[in-house]
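Worth saying up front: this structure is predicted, and the values here are computed from it rather than measured.
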2 protein chains.
Amino acid sequence: MASIKDVAAEAGLSVATVSRVLNDHPSVSDDARRRVMAAVEALSYRPNAVARSLRTDQTRTLGLVISDVMNPYFTELARSVEEEARALGYSVIIGNADERPELQDHHVTTLLDRRIDGLLVSPTDRGSPRMLEAARAGTPMVFVDRWIPGVDVPVVRSDGRDAVRDLVAHLHALGHRRLAIIAGPAATTTGRERVDAFREALGDHGLDLPDAYIGQGDFQADSGRRVTEGFLDLAEPPEVVFAADNLMALGALDAVRARGLRVPDDLALAAFDDVRWFVHTDPPVTAIAQPTGALGRAAVRALVDRIEGRPGESVTLPARLVVRRSCGEPAPTTQSPHPSPVRRSTS
Amino acid sequence: MASIKDVAAEAGLSVATVSRVLNDHPSVSDDARRRVMAAVEALSYRPNAVARSLRTDQTRTLGLVISDVMNPYFTELARSVEEEARALGYSVIIGNADERPELQDHHVTTLLDRRIDGLLVSPTDRGSPRMLEAARAGTPMVFVDRWIPGVDVPVVRSDGRDAVRDLVAHLHALGHRRLAIIAGPAATTTGRERVDAFREALGDHGLDLPDAYIGQGDFQADSGRRVTEGFLDLAEPPEVVFAADNLMALGALDAVRARGLRVPDDLALAAFDDVRWFVHTDPPVTAIAQPTGALGRAAVRALVDRIEGRPGESVTLPARLVVRRSCGEPAPTTQSPHPSPVRRSTS
DNA sequence: CCTCCTCGTGGAATCGATTACATGAGGAAT
DNA sequence: ATTCCTCATGTAATCGATTCCACGAGGAGG
């Protein structure tokens, strides 16, 4: 593969001049510019990004360490992150942690070794030494969706408190009184917060959340199935399950169906995270929708701000409830794939 | 960030020795090794992958340019690619082409600029000059899922011919005679092949595929919706639509539902690509399942073989039919989320 | 005791770019 | 005519690693 020296030789100029042309530095003659361009063309030369990065100490690359790529929510997040990054002139390298701390650590390490300019993380746990160390050492970093308390890093996330309140009001209005939740891992902020928000909202209606109605999941479908089976085996099973993410809701659907029961008649179901498939499931699932694209974009902007020496602030965007049929209400008759929400949180 | 020089200074040795320890070269004394390790620890030194790559001319990184990350089939493929690559000591950088040739070209270019060791592509079109040039120039490359005829690059894909034949037999047995297809872009091999296989299978039953029953889609949900609406507007609409990928099937489902019609009663539906959500849609969708994980792994192995100087061969794996309820047959009574296929292709 | 190997180590070149500094030509100002 | 700038260009240092080559110490064999 042709290097800058080959181009310089072909053009009859020094590498310095070639470099100047390539980085359109003002002080080059038109003649030199033309000759360099011709040589570049003739050799189909492309600058070596590795060499350039070594010299300039910047890779124009962002690392994104995500909890689980197979989760449509994170897939969408990753996509919006890449789009915004590309618009700002950065590439993105995605690392999939699969909800496993040791894999997360592996990806953080290799990304850091590659000297990415900044790191976007949706932490699976409370943070490995390597990650905390990097944050302390000043590697530009932003948490997205989930975060680690006590670490001084901007957080871009969505606040589901209002939406959960709307959801509980909706469920209460439908006559449900025994409400259960399939929680996410306690090591994640989203795992804890969603339970807290749910409990708080139940409190508003004078209901409480007994321990038996808190199932411990891990954000994966299997755990949703397992927890739901446990709920159905209780002497007094809940009337509704609220899954803290879309995959556990899918697992819950599996469990209900495997027993030959029906949603919502035998057990109502709601989920955190709205995904397009929820429109087509049997029945369509009532869910709390996060502004996923906006989160990804905001996270990238905050990170790039940090990288380029600007402040880079935390952002919190509201989630909203999307009512469908999985909790018992007849479907609003509408053509739209996303029936109108009960209430839209203010932004 | 500490460099190898700092480590050398701290250990009281030369950078050469430090480098030898780090790459566990045989000829280093135990004493030197200990001192280097101590210095590495003390400075929490990590080697700079950028510098290393420049010197060794290898990045231990694979590029994966995928047609559409939001498509669950490709998400799963990407995941298996990353897993296998990691097992073989490589990282993966994913570029999402979003079915847009110019985006595909953008990613191929930046990946090549970064001097990735090899490229895995699922081409969106017939190939940009840059990509064809890279293939000709000997950049290790493997096509996965889709390929470009006439380019001398191994292809790892799945053959759906038998499964499509099984599908058509199934549809025919259910009494369907007017069968339509939502095709993928003609620029892609999968777009063309699935239509051919379908037509051929229809021929086996003395049926033909009129032009009016071939809708032109682009592998995205919207096109599935549009084409299906067109089918429903025909004087003699088809009894079945076969969508050439899962997203177009989703669009078809939208279209049917928007008219207040039912699957399979008013229109039966089948899809190429099985995704886990198809079990839970209303009704569960009959689909052709590709061995996605195996494809991803085989593709990585073929690519790494090429990179490391071994042959690196093409692989074709069979797809199989998974019957559910969207074509009219009552569901087989089973607990399994994937009811037993009508017939399993031999591997 | 001399020669020859082996082993551990260090010096320095190298990968492909960017960039500070030097240089020389040519024009403007005095 | 002399001095001083500006502009286009080149030389060479540099980034952080790897690796070829040279060298000295020490042991084995004659």
**Request:** Describe the nucleic acid contact of A/Thr17 in one word from base, sugar-phosphate, nothing, applying a heavy-atom distance below 4.0 Å.
**Result:** sugar-phosphate

**Message:** By the 4.0 Å heavy-atom rule, please label A/Asn23 as base, sugar-phosphate, or nothing.
**Reply:** sugar-phosphate

**Request:** Could you tell me whether the phosphate oxygens of C/dT9, OP1 or OP2, come under 4.0 Å of any side-chain nitrogen or oxygen in B/Ser29?
**Result:** yes

**Prompt:** Can you tell me if the side-chain N/O atoms of A/Arg55 get under 4.0 Å from OP1 or OP2 in C/dG16?
**Reply:** no

**Complete:** Whole-Å distance, A/Asp31 CG to C/dA25 P, equals 18 Å

**Message:** Applying side-chain hydrogen bond (donor to acceptor under 3.5 Å, both in side chains) to B/Ser67 and B/Arg146, what does each step give before you reach the verdict?
**Reply:** CA-CA 9 Å; B/Ser67 322; B/Arg146 310 178 183 173; 3.2 Å; yes

**Asked** Given atom CG of A/Leu43 and atom P of C/dG16, what is their separation to the nearest angstrom?
**Response** 14 Å

**Request:** Quick one: label A/Ser27 by what it contacts on the DNA or RNA (base, sugar-phosphate, nothing), any heavy atom closer than 4.0 Å.
**Result:** base

**Asked** Rounding to a whole Å, what distance do you find between B/Leu54:CG and D/dC15:P?
**Response** 14 Å

**Asked** Contact class for A/Leu22 vs. all strands (heavy atom < 4.0 Å): base, sugar-phosphate, or nothing?
**Response** nothing

**Request:** Ignoring backbone atoms, establish whether B/Ser14 has a side-chain N or O less than 4.0 Å from OP1 or OP2 of C/dG11.
**Result:** no

**Message:** Measure CE/B/Met1 against C1'/D/dG16 and give the value in whole Å, please.
**Reply:** 13 Å

**Prompt:** Nearest-Å distance, NE2 (B/His25) to P (D/dT19)?
**Reply:** 10 Å

**Message:** Are more than 12 heavy atoms, taken from residues, nucleotides or ligands other than B/Asn23, located less than 6.0 Å from that residue's CG atom?
**Reply:** yes

**Message:** Taking the nucleotide of DNA chain C with the nearest heavy atom to each, does B/Val15 or A/Ala51 sit closer to the 5' end?
**Reply:** B/Val15

**Request:** Report the distance from atom CZ of A/Arg52 to atom C1' of D/dG16, rounded to the nearest whole Å.
**Result:** 18 Å

**Item:** Spacing between B/Arg115 atom CZ and C/dG16 atom P, to the nearest angstrom
**Value:** 9 Å

**Donor + acceptor pair across side chains of B/Arg114, B/Thr59 (<3.5 Å)** = no

**Fill in**
Taking for B/Ile4 and for A/Arg20 the nucleotide of DNA chain D with the nearest heavy atom, the one nearer the 5' end belongs to A/Arg20

**Request:** Determine the contact category for B/Ala32: base if any of its heavy atoms lies under 4.0 Å from a base atom, sugar-phosphate if only primed atoms, P, OP1 or OP2 are that close, otherwise nothing.
**Result:** sugar-phosphate

**Between C/dT18 (C1') and A/Asp57 (CG): distance, integer Å** = 12 Å

**Message:** Would you say A/Asn96 and B/Glu82 are linked by a side-chain donor-acceptor pair, where the criterion is simply a distance under 3.5 Å?
**Reply:** no

**Prompt:** Looking for any heavy atom pair under 4.0 Å, which part of the strands does B/Thr56 touch: base, sugar-phosphate only, or nothing?
**Reply:** sugar-phosphate

**Prompt:** Taking the side chain from A/Ser19 and the backbone from A/Val15, do they hold a donor-acceptor pair closer than 3.5 Å?
**Reply:** no

